[in-house]
Amino acid sequence: QVQLVESGGGLVQAGGSLRLSCAASGRGFSTYAMGWFRQAPGKERDFVAAITASSVLTYYTDSVKGRFTISRDNAKNTVYLQMNSLKPEDTAVYYCAARRLPIPTMIAADYMSWGQGTQVTVSS
């Protein structure tokens, strides 16, 4: 099973940018779909973005389309989330997740490995 560690979170002003990274250890990363989810205080964990194992296809929730970009480097066992034009409503703990199939879904229960999360705070 793959282990995941996120980094890159922090405090940023509205309109700013952050780049999250998720480093994977263990075997099989290049065959797994990867996703990013987020959880704000008192709310459920929501889908943000996902990418197929081959990087051919990406998926986004409507609220981040045009602002966030998911990518991966299978040679480095790393998946990224570039976040631009950040808004206060993007404030949450961001989690990366791995699915043991090459095609992602938007359902958290479909992912078998999770990182510990990284806090993103956007001030107005």
Side-chain angles (χ1 to χ4, degrees):
Q1 189 161 335
V2 65
Q3 290 78 44
L4 305 173
V5 178
E6 302 98 335
S7 61
L11 173 64
V12 64
Q13 289 188 332
S17 298
L18 284 174
R19 189 194 195 201
L20 305 184
S21 298
C22 174
S25 60
R27 305 181 70 174
F29 177 81
S30 64
T31 66
Y32 298 158
M34 297 296 296
W36 285 96
F37 292 76
R38 64 187 179 187
Q39 188 168 19
K43 296 189 176 182
E44 294 184 350
R45 190 169 297 188
D46 293 329
F47 171 80
V48 176
I51 188 168
T52 56
S54 62
S55 300
V56 170
L57 294 174
T58 57
Y59 306 86
Y60 300 93
T61 193
D62 286 346
S63 64
V64 309
K65 285 180 181 177
R67 300 189 298 122
F68 290 11
T69 302
I70 188 171
S71 61
R72 65 190 295 165
D73 185 338
N74 285 346
K76 295 183 179 180
N77 280 11
T78 302
V79 62
Y80 305 97
L81 186 66
Q82 178 67 44
M83 305 186 296
N84 299 328
S85 302
L86 282 161
K87 304 176 181 180
E89 51 263 44
D90 294 319
T91 295
V93 177
Y94 283 71
Y95 299 88
C96 70
R99 184 170 193 243
R100 198 175 291 161
L101 287 171
I103 305 300
T105 74
M106 300 181 183
I107 303 170
D110 289 341
Y111 292 76
M112 83 287 185
S113 295
W114 292 82
Q116 82 288 351
T118 186
Q119 176 71 46
V120 171
T121 303
V122 184
S123 63
S124 57

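For the numbers below, each heavy atom of this structure counts, side chains included, while hydrogens, waters and symmetry mates do not. Nothing here was measured: the structure is a model prediction, and the numbers come from that model.
Note: Ser85 OG to Phe68 CZ = 9.0 Å, rounded to the nearest 0.5 Å.
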Chi angles and distances behind the side-chain contact (heavy atoms from CB on, under 4.5 Å) call for Val79, Trp36: CA-CA 9 Å; Val79 62; Trp36 285 96; 3.9 Å; yes

Run Val2 and Met34 through side-chain contact (heavy atoms from CB on, under 4.5 Å) and show every step you take. CA-CA 11 Å; Val2 65; Met34 297 296 296; 6.0 Å; no

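Atom CD of Glu44 sits in a sparse spot, with 12 or fewer heavy atoms from other residues, nucleotides or ligands closer than 6.0 Å.
Phe37 is linked by a ring-ring contact (aromatic ring centres under 6.0 Å, His included) to Phe47, Tyr111, Trp114, counting only residues two or more places apart in sequence or in another chain. Not counting sequence neighbours, the partners of Asn84 by the side chain to side chain donor-acceptor pair (under 3.5 Å) test are Ser17, Gln82.
Within the 3.5 Å criterion, the main-chain N or O of Gln116 finds a donor-acceptor partner in the side chain of Glu6.
Judged as a side-chain hydrogen bond (donor to acceptor under 3.5 Å, both in side chains), the pairs with a partner in residues 68-78 (not counting sequence neighbours) are, in order, Arg72-Asn74.
Hydrophobic clustering keeps Val48 apart from Leu57 (ILVMFWY residues linked when any side-chain heavy atoms are closer than 4.5 Å, directly or through intermediates). The hydrophobic cluster containing Val122 also contains Val64, counting ILVMFWY residues as joined when their side-chain heavy atoms lie under 4.5 angstrom apart, directly or transitively.
Using a cutoff of 4.0 Å between basic side-chain nitrogens and carboxylate oxygens, Asp90 and Lys87 are not scored as salt-bridged.
Considering all non-hydrogen atoms of both residues, Tyr60 and Ala49 come closest at CD2-CB, 3.6 Å.
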